[in-house]
Amino acid sequence: MDGTNDGSPSSKLHTRLRLWEFPDCYIFEPIDGLADLFLSVSRANATMNLVEALPPRGSSTPKVQTVYGVIGVLKLAVGSYFLVITDRDCVGSYLGHAIFKVTGLKVLPCNNALNTTSAEQKKMESEFSELLDAAERTIGLHFSYDINLTLSAQRLHEHGDEYKSLPLWRQAEPRFLWNSYLLEPLIENKLNQYLLPVIQGSFQNIHAEVGSEKVNVTLIARRCTRRIGTRMWRRGADAEGYAANFVETEQIMQSKGFTASYVQVRGSMPFLWEQIVDLTYKPSFDIVRQEEAPRVLERHFHDLRKKYGAVLAVDLVNTGGGEGRLRERYAKSIEPILSEDVRYVHFDFHRVCGHIHFERLSQLYEQIKDYLKKHRYFLINDKGEKIEEQTGTVRTNCIDCLDRTNVTQSMIGRKILESQLQQIEVLGVNDTISNHPAFDTNYKVLWANHGDAISIQYSGTPALKGDFVRYGKRTTQGIVNDLRNALARYYLNNFVDGTKQDAMDLLQGHYMTSVSRDMAVPRKGGLLENYASFRLAFALVMGALMFMMMSLRHARNDVRHLLLSLLWAGLCIGITHFVRANGQTFTNRPRFHQSRH
């Protein structure tokens, strides 16, 4: 589309559009009073133009619905697809501006001109259709029409008025702009009023009273898109130092005219390692190209220092076992860059806290409190004058960077919030959040919901250990929930997440989209594979274990039952060995070679 057709000089985003679905085009009609021109999109090849009126309706009545924004355009070998927001919920405000959560997505195909008669073309279209269905179910998407949600309050404050006058997509932090790749066709067509920046993560806030003062607390999670993925299919870091499950968490407090912010981050251990699913409950950890670990890690921390200042790395993994090998590699690789501005603390969460004594995290706090006090937090008064500045962050990790990490981050967030409230005299010098039960309860729920949102996006289930974050103690129901969620993660990681990973990579432009399933990583063949699905292996193992246990109960006084139990034990061991050798055959794996965009 010619840039001269950009009918409005305004860069204010459209908040409501009427979508008309004509046989040969889609028409987006602004109904928010911001423009008179309509956006016309060809259903044949996705070409875009601004037009002054609707086309003739003809004999058929077009479908009409209201949409709340265009997320972007996905260009594939089987055609182009528009992604639009069909439903939204207002979930709060960020520095006075409304924040919305995407609750409905729709994919609009623009491939009418494509010849789909060949078998290969139909096969490819079917495969991408499955991925687009998964894309429509993407969760955790948030946006604002008025403010840059990708930047923290401190970074927004640092930018001048000239920067803030730019279109929102030009202001966005590329790491956290979830639809960066999808916006490219709209940018090329200079459709500024349709360029809606979206983040993936979470946004929650609470309003409470502490004594006679009102206090608002907001938690924002911003998921980095550089190594986005699912729990087992994205571990460690890539060669550029981008870590899996890297999430920036910002806690914002507003009270008495003051606004305070604290930013901390989480992310997988930043060197090359993987954990390939193979039907075992806990697949082995493999460190890839160990000699490159120091270089990859140095690049990761160099990037963190540029963005956050000083960095304290808190490593929560076990000292022994497979996790211990990763810890040793992490500690050894970070050693050359340790300094006043880069610190490393290992805290064996499971050994110190076990499964119920999470209050022992106070031991970790004693190790890091001097760092937290030194590097402070961001604080401005009601005139917008800066009183405090955050000069360093805490980077926390466990293996998944979910459960242990969320418990630890909530502890750090609580200590920082107490310091902020004490400084503005909402709390007394020795007062704590725990002394205000209503506020304390709401604050715990806020962090529990935050952890659940991050966990669901990465693992498919709410966070484990969430009862401690939510209630301040471990509960029987919480332990039962952890067991259920752990089993659910096993199933999702082995049998679902491959397709989900494909959809994520597709939306981020990490694919060579002209390839087909035939180019997938070769699978091992076997007799069982020809007759059954991957779920059969899982069912056989569970069945063998169950019958073995039943037989052992009766084996004490009955030789026949003893022989039967030994038979089942042998079968169980045999199947287990088969699963370990062939487990990758049955898992739902990503299907295409990846190409970094």
Is a side-chain donor or acceptor of [X] paired with a backbone partner of [Y] at a separation under 3.5 angstrom?
X: Tyr377; Y: Val263; result: no
X: Ser255; Y: Val215; result: no
X: Ser144; Y: Ile147; result: yes
X: Asn179; Y: Val198; result: yes
X: Asp497; Y: Lys500; result: no
X: Tyr68; Y: Val84; result: no
X: Thr441; Y: Pro437; result: yes
X: Thr230; Y: Tyr458; result: no

Aromatic rings [X] and [Y]: how do their planes relate, parallel, tilted or perpendicular, breaks at 30° and 60°?
X: Phe271; Y: Trp273; result: tilted
X: Phe349; Y: Phe347; result: perpendicular
X: Phe439; Y: Tyr443; result: tilted

With the threshold set at 4.0 Å, does a side-chain nitrogen-carboxylate oxygen contact exist between [X] and [Y]?
X: Asp452; Y: Arg470; value: yes
X: Asp440; Y: Lys444; value: yes
X: Arg226; Y: Asp238; value: no
X: Glu248; Y: Arg395; value: no
X: Asp370; Y: Arg343; value: no
X: Arg376; Y: Glu389; value: no
X: Asp403; Y: Arg489; value: yes
X: Asp400; Y: Arg231; value: yes
X: Arg137; Y: Asp133; value: no
X: Glu388; Y: Lys373; value: no

How long is the gap from [atom1] on [X] to [atom2] on [Y], to the nearest 0.5 Å?
X: Ser261; Y: Leu156; atom1: OG; atom2: CG; answer: 9.5 Å
X: Arg266; Y: Thr249; atom1: CZ; atom2: OG1; answer: 5.0 Å
X: Leu168; Y: Leu196; atom1: CG; atom2: CG; answer: 8.0 Å

[atom1] of [X]: more than 12 outside heavy atoms within 6.0 angstrom?
X: Asp382; atom1: CG; value: yes
X: Lys214; atom1: NZ; value: no
X: His159; atom1: NE2; value: yes
X: Glu213; atom1: CD; value: yes
X: Glu340; atom1: CD; value: no
X: Lys101; atom1: NZ; value: no

Checklist entry - Going by the salt bridge (Lys or Arg N to Asp or Glu O under 4.0 Å) test, which pairs reach into residues 153-171, not counting sequence neighbours? => result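 Checked against salt bridge (Lys or Arg N to Asp or Glu O under 4.0 Å) - neighbours excluded - the pairs reaching residues 153-171 are Arg155-Glu173.
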Do the non-hydrogen side-chain atoms of [X] and [Y] ever get within less than 4.5 Å of each other?
X: Thr138; Y: Trp178; result: yes
X: His97; Y: Leu149; result: no
X: Ile139; Y: Val102; result: no
X: Phe301; Y: Lys306; result: no
X: Tyr94; Y: Ile252; result: yes
X: Ser202; Y: Leu219; result: no
X: Ile334; Y: Glu298; result: no
X: Val311; Y: Asp341; result: no

Checklist entry - After noting the C-alpha distance and the side-chain angles of Thr393 and Gln264, does the key distance pass the side-chain hydrogen bond (donor to acceptor under 3.5 Å, both in side chains) rule? => result CA-CA 5 Å; Thr393 192; Gln264 53 185 318; over 6 Å; no
State, to 0.1 Å, how close [X] and [Y] come at their nearest heavy-atom pair, and which atoms those are.
X: Leu464; Y: Ala486; result: CD2-N, 4.3 Å
X: Leu507; Y: Ala135; result: CD1-CB, 3.7 Å
X: Glu250; Y: Leu151; result: OE1-O, 4.4 Å
X: Met269; Y: Tyr330; result: CG-CD2, 3.6 Å
X: Ser268; Y: Arg235; result: OG-C, 3.9 Å

Checklist entry - With sequence neighbours left out, which residue pairs that include part of residues 191-218 fulfil the ring-ring contact (aromatic ring centres under 6.0 Å, His included) condition? => result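 For residues 191-218, and leaving out neighbouring residues, the ring-ring contact (aromatic ring centres under 6.0 Å, His included) pairs sorted by first residue read His14-Tyr194.
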Next on the checklist: Let's go through Glu323 and Lys282 carefully: what are the C-alpha distance in whole Å and the side-chain angles of both, what is the deciding distance for salt bridge (charged side-chain N to carboxylate O under 4.0 Å, His left out) to 0.1 Å, and is it a yes or a no?
Outcome noted: CA-CA 11 Å; Glu323 291 190 13; Lys282 193 172 183 178; 3.5 Å; yes
Item to check | Qualifying residue, where the test is side chain to side chain donor-acceptor pair (under 3.5 Å) with Asn397 and the options are Thr405, Asp315, Asn245 | outcome: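 When side chain to side chain donor-acceptor pair (under 3.5 Å) is applied between Asn397 and each of Thr405, Asp315, Asn245, only Asp315 qualifies.
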Next on the checklist: Please evaluate residues His157 and Phe378 with respect to the criterion ring-ring contact (aromatic ring centres under 6.0 Å, His included), reporting the C-alpha separation (whole Å), side-chain torsions for both, the decisive distance (0.1 Å), and the verdict.
Outcome noted: CA-CA 10 Å; His157 187 267; Phe378 176 64; 5.5 Å; yes
Checklist entry - Passes salt bridge (charged side-chain N to carboxylate O under 4.0 Å, His left out), Asp348 versus Arg404? Steps please. => result CA-CA 10 Å; Asp348 189 331; Arg404 288 171 280 184; 5.8 Å; no
Next on the checklist: Quick one, Leu361 with Thr408, criterion side chain to side chain contact (heavy atoms under 4.5 Å, CB included). Give me CA distance, side-chain angles, the key distance, then yes/no.
Outcome noted: CA-CA 7 Å; Leu361 271 175; Thr408 303; 3.8 Å; yes
Next on the checklist: Before you tell me yes or no, could you show the steps for Thr150 and Asn148 under side-chain hydrogen bond (donor to acceptor under 3.5 Å, both in side chains), namely the whole-Å CA-CA distance, both residues' side-chain angles and the distance that decides it to 0.1 Å?
Outcome noted: CA-CA 6 Å; Thr150 66; Asn148 182 2; 2.5 Å; yes
Checklist entry - Would Glu136 and Lys106 satisfy salt bridge (charged side-chain N to carboxylate O under 4.0 Å, His left out), going step by step from the backbone distance to the final call? => result CA-CA 6 Å; Glu136 282 188 329; Lys106 184 175 183 179; over 6 Å; no
Item to check | Test log, rule side-chain hydrogen bond (donor to acceptor under 3.5 Å, both in side chains), inputs Gln204 and Trp447 | outcome: CA-CA 9 Å; Gln204 286 115 8; Trp447 265 99; over 6 Å; no
